[in-house]
Amino acid sequence: MRIAIVGAGSGYLPGVVRGVLHRADDLRGAELAFHDPDVPAMELMARLARGMLKGLCDVTVHPDLKTALDGADFVFTTFRPGGMEARHLDEAIPLGHGVVGQETAGPGGFLMACRSVPVLLDLVEKAPEDAWIVNYTNPTSVVTDAVLQRFPGRRFLGLCDQHVGDTEMWEDLLGLDGLEADWIGLNHLTWADTVRRRGVPLDLPPLLAALAPPDGGATPWRDPSRMADLGRALGFLPNSYAKYYFFHDEVVAELRAKGTTRAQDIIATLPRFYAQVAEESYKADPDPSRERGGGEHGEFAVDVICAIARDEGRRMVLNVPNAGRAIPSLPEDTIVEAPCLVDAQGARPLPVGDLPLPVRGLTQAAACYERLASQAATTGDRALALRALMAHPFALGKARADAILTEGLAAHRAHLPQFG
Ligand code: G6P
Ligand code: MN
């Protein structure tokens, strides 16, 4: 089995290698074909991977993308065109206009889609026709839509591990372990009103009504206090990213007061992170930090690959077309995030219910935005780009959408060939 890894110099790579180790028995003898335009970072991660995998898998490095993709059975994509510097702009530009600045939500996510889509379309064209492309590049649902609109029927899956950590956060909040939630909606905009504990359905509304929001405890990924508040108001579970919609103005004030973007905070940690990876890579038993991506990110991706390769018929939350209208209130060709059955045929969304009414309209509006964003990112049509931002549930208004777009397209022009 050959697995191409595109973005192999990324800080998430150590977590991916841990994922491979956790499925060692299933992946013995596989080749991991690394590609990254940052060759020194890729070489570093290759040395680390060889030390961690110790002959379990072959690790090869390919400065040329096509060479990495040739003969691949799986292509795992985890890259960010423009790197963290571009992410800083995605976060800072909207904030300058009084709008949440976030790498995937809102106009920041739109700009990231515009950079990611051309690179992914080129990659899909170069990849073997029958390879499974397992994609983490964000915004995962918009780029999945762009790829499948351009190449209908291609084997392309959108990944996000958010639901893993979010389910754990709800276990902590509710004081219950062993929860399984049916997260449905769009990527970073999912909801769960059906939750089971060890297979037994929970009566959620009274449990949520009794929740006392904890003080503090917020991390860059989760905000348990606001989530508890929101869960109580809605009567079902929201994804962590719901805070950008339901606490928009409070988050803007916080981001402004904070003074640095998340990208800047990460950039400040990267030299130490890569130095630590380099140090580990020369050890007999490398044990790199889990700082980027934690454990779940890499393990989840490798589990998806194994579920397909081994025809496991496993239930996993993925981003796929809404086949058979598994979510009845969204169109059949919308890329939804939903529990799927994953086997050698790929991933099919399971019909587990519909979007709860309080968030149905919001989610439908976001789906309209995502389709427009995917079309704008594919074509480089500025009029479409403006319509996409005007359709976004942040309700930017026309003048503000236009101003953010002008600034964003200019700031990122080196990465936006399609906008001319
Ligand atoms: C979560 C999201 C990912 C996102 C990541 C950012 O895991 O699901 O889509 O890329 O957070 O984390 P970071 O540490 O880069 O802010
Ligand atoms: Mn995600």
Side-chain angles (χ1 to χ4, degrees), residues 12 15 18-19 22-23 104-105 136 140 159-247 251 290-304 307 312 314-319 327 336-342 349-350 352-353 355-356 358-359 363:
Y12 283 96
R18 283 186 201 281
H22 128 101
R23 298 297 301 257
T104 64
Y136 258 130
T140 197
L159 266 60
C160 175
D161 60 356
Q162 189 68 32
H163 63 280
V164 179
D166 274 358
T167 304
E168 283 167 8
M169 176 190 67
W170 283 103
E171 289 182 333
D172 289 346
L173 283 169
L174 295 166
L176 298 169
D177 58 356
L179 298 191
E180 185 188 30
D182 287 345
W183 294 104
I184 58 167
L186 306 176
N187 180 239
H188 294 181
L189 199 63
T190 50
W191 320 97
D193 68 358
T194 305
V195 179
R196 289 170 295 279
R197 180 167 190 241
R198 305 207 175 92
V200 182
L202 291 181
D203 185 11
L204 216 43
L207 288 173
L208 291 172
L211 267 188
D215 276 341
T219 68
W221 305 280
R222 309 197 208 289
D223 190 337
S225 177
R226 286 196 172 120
M227 287 302 108
D229 188 5
L230 209 46
R232 187 152 67 169
L234 292 169
F236 49 86
L237 309 188
N239 183 297
S240 283
Y241 284 70
K243 80 168 178 185
Y244 299 120
Y245 298 82
F246 290 109
F247 297 94
V251 171
R290 289 171 178 257
E291 206 170 313
R292 300 292 296 141
E296 61 220 39
H297 177 92
E299 283 166 18
F300 181 64
V302 173
D303 279 341
V304 172
E312 286 174 344
R314 182 165 168 180
R315 189 184 160 108
M316 307 182 92
V317 175
L318 290 168
N319 290 267
I327 302 180
V336 295
E337 184 164 302
C340 293
L341 190 72
V342 189
L350 297 165
V352 295
L355 297 166
V359 295
T363 314

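Just so we're clear, the structure is a prediction, and the values are computed from it rather than from any experiment.
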Visitor: Should Val195 and Asp182 be marked as a side chain to side chain contact (heavy atoms under 4.5 Å, CB included) after you check the CA-CA gap, both sets of side-chain angles, and the distance that decides it?
Guide: CA-CA 6 Å; Val195 179; Asp182 287 345; over 6 Å; no
Visitor: Does the Thr363 side chain pair with the main chain of Gly185, one donor and one acceptor, at a distance under 3.5 Å?
Guide: no
Visitor: On a heavy-atom basis, which atom in Leu230 and which in Ala242 lie closest, and how many Å separate them?
Guide: CD2-CB, 3.8 Å
Visitor: Run the salt-bridge test on Lys243 and Asp229 with the 4.0 Å N-O cut-off and return the result as yes or no.
Guide: no
Visitor: Working to the nearest 0.5 angstrom, can you tell me the gap between Gln162 CD and Trp221 CH2?
Guide: 10.5 Å
Visitor: Output all residues satisfying side chain to side chain donor-acceptor pair (under 3.5 Å) with Asn319, sequence neighbours left out; order by chain, then residue number.
Guide: Glu337
Visitor: Tell me which one of Thr190, Asp166, Thr167 satisfies side chain to side chain donor-acceptor pair (under 3.5 Å) with Trp183.
Guide: Thr167
Visitor: Restricting to non-hydrogen atoms, name the atom on Gly165 and the atom on Arg222 that form the minimum distance, rounded to 0.1 Å.
Guide: CA-NH2, 3.4 Å
Visitor: Enter the distance from Ile184:CD1 to Leu189:CG here, rounded to the nearest 0.5 Å.
Guide: 11.5 Å
Visitor: Just list the side-chain donor-acceptor pairs under 3.5 Å for residues 198-212, sequence neighbours left out, or say none.
Guide:
| unit_1 | atom_1 | unit_2 | atom_2 | d |
| --- | --- | --- | --- | --- |
| Arg198 | NH2 | Asp177 | OD1 | 3.1 |
| Arg198 | NH2 | Asp177 | OD2 | 3.1 |

Visitor: What class does the angle between the rings of Tyr136 and Phe300 fall in, given that below 30° is parallel, 30 to 60° is tilted and above 60° is perpendicular?
Guide: tilted
Visitor: How many angstroms lie between CD in Glu168 and CG in Leu173, if you round to the nearest 0.5 Å?
Guide: 12.0 Å
Visitor: Asp193: what forms a side chain to side chain contact (heavy atoms under 4.5 Å, CB included) with it, not counting sequence neighbours?
Guide: Phe236, Pro356
Visitor: Is the ring pair Trp191/Phe246 parallel, tilted or perpendicular, if the boundaries are 30 and 60 degrees?
Guide: perpendicular
Visitor: What distance separates Leu237 CG from Thr194 OG1, expressed to the nearest 0.5 Å?
Guide: 9.5 Å
Visitor: For Glu171 and Gly178, indicate whether the former's side chain and the latter's backbone hold a donor-acceptor pair under 3.5 Å.
Guide: yes
Visitor: Say you draw a straight line from CG of Asp161 to NE2 of His297; how long is it, rounded to the nearest 0.5 Å?
Guide: 6.5 Å
Visitor: Before giving the answer on side chain to side chain contact (heavy atoms under 4.5 Å, CB included), spell out for His22 and Asp303 the whole-Å C-alpha distance, their side-chain angles and the decisive distance to 0.1 Å.
Guide: CA-CA 9 Å; His22 128 101; Asp303 279 341; 3.2 Å; yes
Visitor: Distance from Tyr241 atom OH to Met227 atom CE, nearest 0.5 Å?
Guide: 11.5 Å
Visitor: Are the charged groups of Glu180 and Arg315 less than 4.0 angstrom apart, N to O?
Guide: yes
Visitor: Would Leu341 and Met316 count as a side chain to side chain contact (heavy atoms under 4.5 Å, CB included) here? Give the steps.
Guide: CA-CA 7 Å; Leu341 190 72; Met316 307 182 92; over 6 Å; no
Visitor: Ser225 side chain to Asp215 main-chain N or O, any donor-acceptor pair under 3.5 Å?
Guide: no
Visitor: Apply side chain to side chain donor-acceptor pair (under 3.5 Å) to the pair Asn239 and His163, showing each step before the final yes or no.
Guide: CA-CA 7 Å; Asn239 183 297; His163 63 280; over 6 Å; no
Visitor: Pro224 versus Trp170: any side-chain heavy-atom pair under 4.5 Å?
Guide: no
Visitor: Restricting to non-hydrogen atoms, name the atom on His188 and the atom on Cys160 that form the minimum distance, rounded to 0.1 Å.
Guide: NE2-SG, 3.4 Å
